[in-house]
Amino acid sequence: MTSPAPDRAILPLWAALVAAVVGGLALDASFPSLGIWPLAFVSVALSLVSLIGRRVWSASVVGLVYGLAFYLPHIDWAARFLGDDPLNWVPWVALAGVESIFMGAGAIVIALAYRWISRVMRPGPWRLAATSLVVAGVWTSRELIMGSWPYGGFPWGRIGMSQSESPLAVVTSWVGVAGLTFLMVLVVALAIEAVRVMRVRRTVGWWALTAPALLLIALILLPQFPTANAGSFRVVAVQGNGPTAYLDQGERYDVLDAQLQATEEAVGVDPDLVVWPEGGVGLDPLDDANAAAVLDRATRMVGAPILLNAAVPDGDLVFNRSMLWTAGGVEQSHDKRYPVPFGEYVPDRGLYEKIVPSLIGMIGREYEPGTDSPVMDIDGVQAALAICFDVLFDQHIEEGISGGAQVLIFQTNNADFRGTDENLQQLAFARMRAIESGRSVVNVSTVGTSQVIAPDGTTIDQIGVDEQGAIIADVELRDGTTPGILLGAGIRGFLLWIPLVSAAIFGVLASRLQRG
């Protein structure tokens, strides 16, 4: 059996660039607000086809264009952080550009993997399997690197996270988000290799199509890994809709007053906990006796502690801190683990002040990353916290579950991005975390959308954007650890290193064969 020339590109460069643009836009459409999740498969297919047979320079260009076509529309909300400043486009374009450079670098490795494996292995089922596994692995490796470096990474826009409304979401309970990304790309890579075989030997190629078809069917039919019911917990999630954006103007107590007004709905419902969002106080209550007294009265009024959040100085450092406030003050606290680079702190500030001094000067915050446990014991119930950006990091969620968490509580402030898809994208991440961990999620925003999400990902109740209100819900507590959580770190480690090592080995072998 023969095969197409391994060094020959399937598409001419102009067509590959068109495919990259369409693929990037399709990937964006697979996420909220459109949320057309099957388009993620279309996007991966267009990206891979555009890279087969490419040389290094053209693969990098095609990958860069694919990244720009995805990230520019996907994170256009980043242009809202600095309000109406004439340079508000700089953070958006800079972030999208950096992420797209990573996409271009990863595209080179994918293109080389196609080339090297075709030179080393004879056509047949083993080459088909090896090519598909390595390509899917390298794609996932790229995601993992982008999600951890530089400055802690930006794990936004992962293929697996696009499936929050898909039947494939339950796969995360078995293999985590990284595992779902790998399996989705593997389905597409197998299908592409099957078609390539069929182009030469149609009768032989049909067997190859069964592999991606059976894998996709298995993923769709896979049930969610079960966790055990451990009772219920009455929560009041309060969305004050106050002036909480970084550049919002308001009086000192406006944010606190908005939260207190919405919290009045909790009076008489006998809650176990009242949850306020990130930045839901608007000041440091530990440094404001009047605010502290108001909070003391509020806890007595509702008959439950209030989980609130504020920027709190601690010595020479400042932390984004969530505090469990009781009638006697703070009982427990947790500091945000992953402050947002260039939003909540400026890494290498001296360097960037020389490049864009006016923009860096507008970012006065310098939050330190927390190191304490995200788990709080609330009257015997173990609750794991994630403050806004923290929800994106797999290891943070795993730490909470391994610490015994029976429910997940996410506090966020989306006010800087009003009128964009940012809050819906983050809400999709919260839903995926519920399914992945088999836990209820209480996701509370300052300005919306706030939701209480069941362990299977269904929405129990919600408050829409730009609304003030409170959700009163008896959320289900769960015990037990899913494989996606228990094995998550090992799966990520395997998918980070093994594909890259495998591609390198094929590269060495291909080089030796070529010299021979």
Of the non-hydrogen atoms in Ala78 and Trp92, which two are nearest, and what is the gap between them? CB-CA, 3.8 Å
May I ask you to check whether Gln425 and Trp77 show a side-chain donor-acceptor distance below 3.5 Å? yes
Name the residue from Asn320, Thr412, Ile409 that meets the side-chain contact (heavy atoms from CB on, under 4.5 Å) definition with Ile387. Asn320
Answer yes or no: is there a donor N or O on one side and an acceptor on the other, between the side chain of His334 and the main chain of Met376, under 3.5 Å? no
Does the gap between the ring centers of Phe429 and Trp156 come in under 6.0 Å? yes
Determine the sole option in Phe154, Phe389, Tyr367, Phe393 for which the ring-ring contact (aromatic ring centres under 6.0 Å, His included) test with Tyr338 is passed. Phe393
State whether a side-chain donor-acceptor pair under 3.5 Å links Gln411 with Ser322. yes
Pro277 and Ser445 have their tightest heavy-atom pair at CB-C, 3.5 Å
Considering only NZ, NE, NH1 and NH2 on the basic side and carboxylate oxygens on the acidic side, decide whether Lys336 and Glu344 come within less than 4.0 Å. yes
Checking the side chain of Gln451 only, and the main-chain atoms of Gln462 only, is there a donor and an acceptor separated by less than 3.5 Å? no
Using atom types as modelled and distance alone, determine if a side-chain donor or acceptor of Arg439 lies under 3.5 Å from a backbone N or O of Ser437. yes
Ring-plane angle category for His74 and Tyr71, please: parallel below 30°, perpendicular beyond 60°, tilted otherwise. perpendicular
Side chain Arg80, main chain Arg418, donor-acceptor under 3.5 Å: yes
Just one of Thr140, Thr181, Asp394 clears the side chain to side chain donor-acceptor pair (under 3.5 Å) bar with Arg158, so which one? Asp394
His396 side chain to Leu385 main-chain N or O, any donor-acceptor pair under 3.5 Å? yes
Verify, without hydrogens or angle tests, whether Ser173 (side chain) and Glu436 (backbone) share a donor-acceptor contact under 3.5 angstrom. no
Check whether Asp335 reaches the backbone of Asp372 with its side chain - one donor and one acceptor, N or O, closer than 3.5 Å. no
Assess, by modelled atom type and distance only, whether the side chains of Arg54 and Ser58 contain a donor and an acceptor separated by less than 3.5 Å. yes
Can you confirm whether Phe41 sits close enough to Leu46 that some side-chain heavy atom of one is under 4.5 Å from a side-chain heavy atom of the other? no
Does Glu476 offer a backbone N or O that forms a donor-acceptor pair with the side chain of Ser440 under 3.5 Å? yes
I need the full list of side-chain hydrogen bond (donor to acceptor under 3.5 Å, both in side chains) pairs touching residues 487-507, with sequence neighbours left out, sorted by first then second residue. Glu398-Arg492
Between Glu399 and Arg337, is there a salt bridge with N-O shorter than 4.0 Å? yes
Can you label the angle between the Phe342 ring and the Tyr151 ring as parallel, tilted or perpendicular, going by 30° and 60°? perpendicular
If we check side-chain contact (heavy atoms from CB on, under 4.5 Å) with Ile471, which of these qualifies: Asp461, Ile460, Val275? Asp461
State, without any angle test, whether Thr459 and Arg431 hold a side-chain donor-acceptor pair at a distance under 3.5 Å. yes
Distance-only donor-acceptor pairs under 3.5 Å for side chains of residues 503-515, two or more places apart:
unit_1 : atom_1 : unit_2 : atom_2 : d
Ser511 : OG     : Arg515 : NH1    : 2.9

Just by modelled atom types, is the Ile435 backbone N or O under 3.5 Å from a matching donor or acceptor in the Gln224 side chain? yes
Are side-chain N/O atoms of Ser100 and Tyr66 paired as donor and acceptor at under 3.5 Å? no
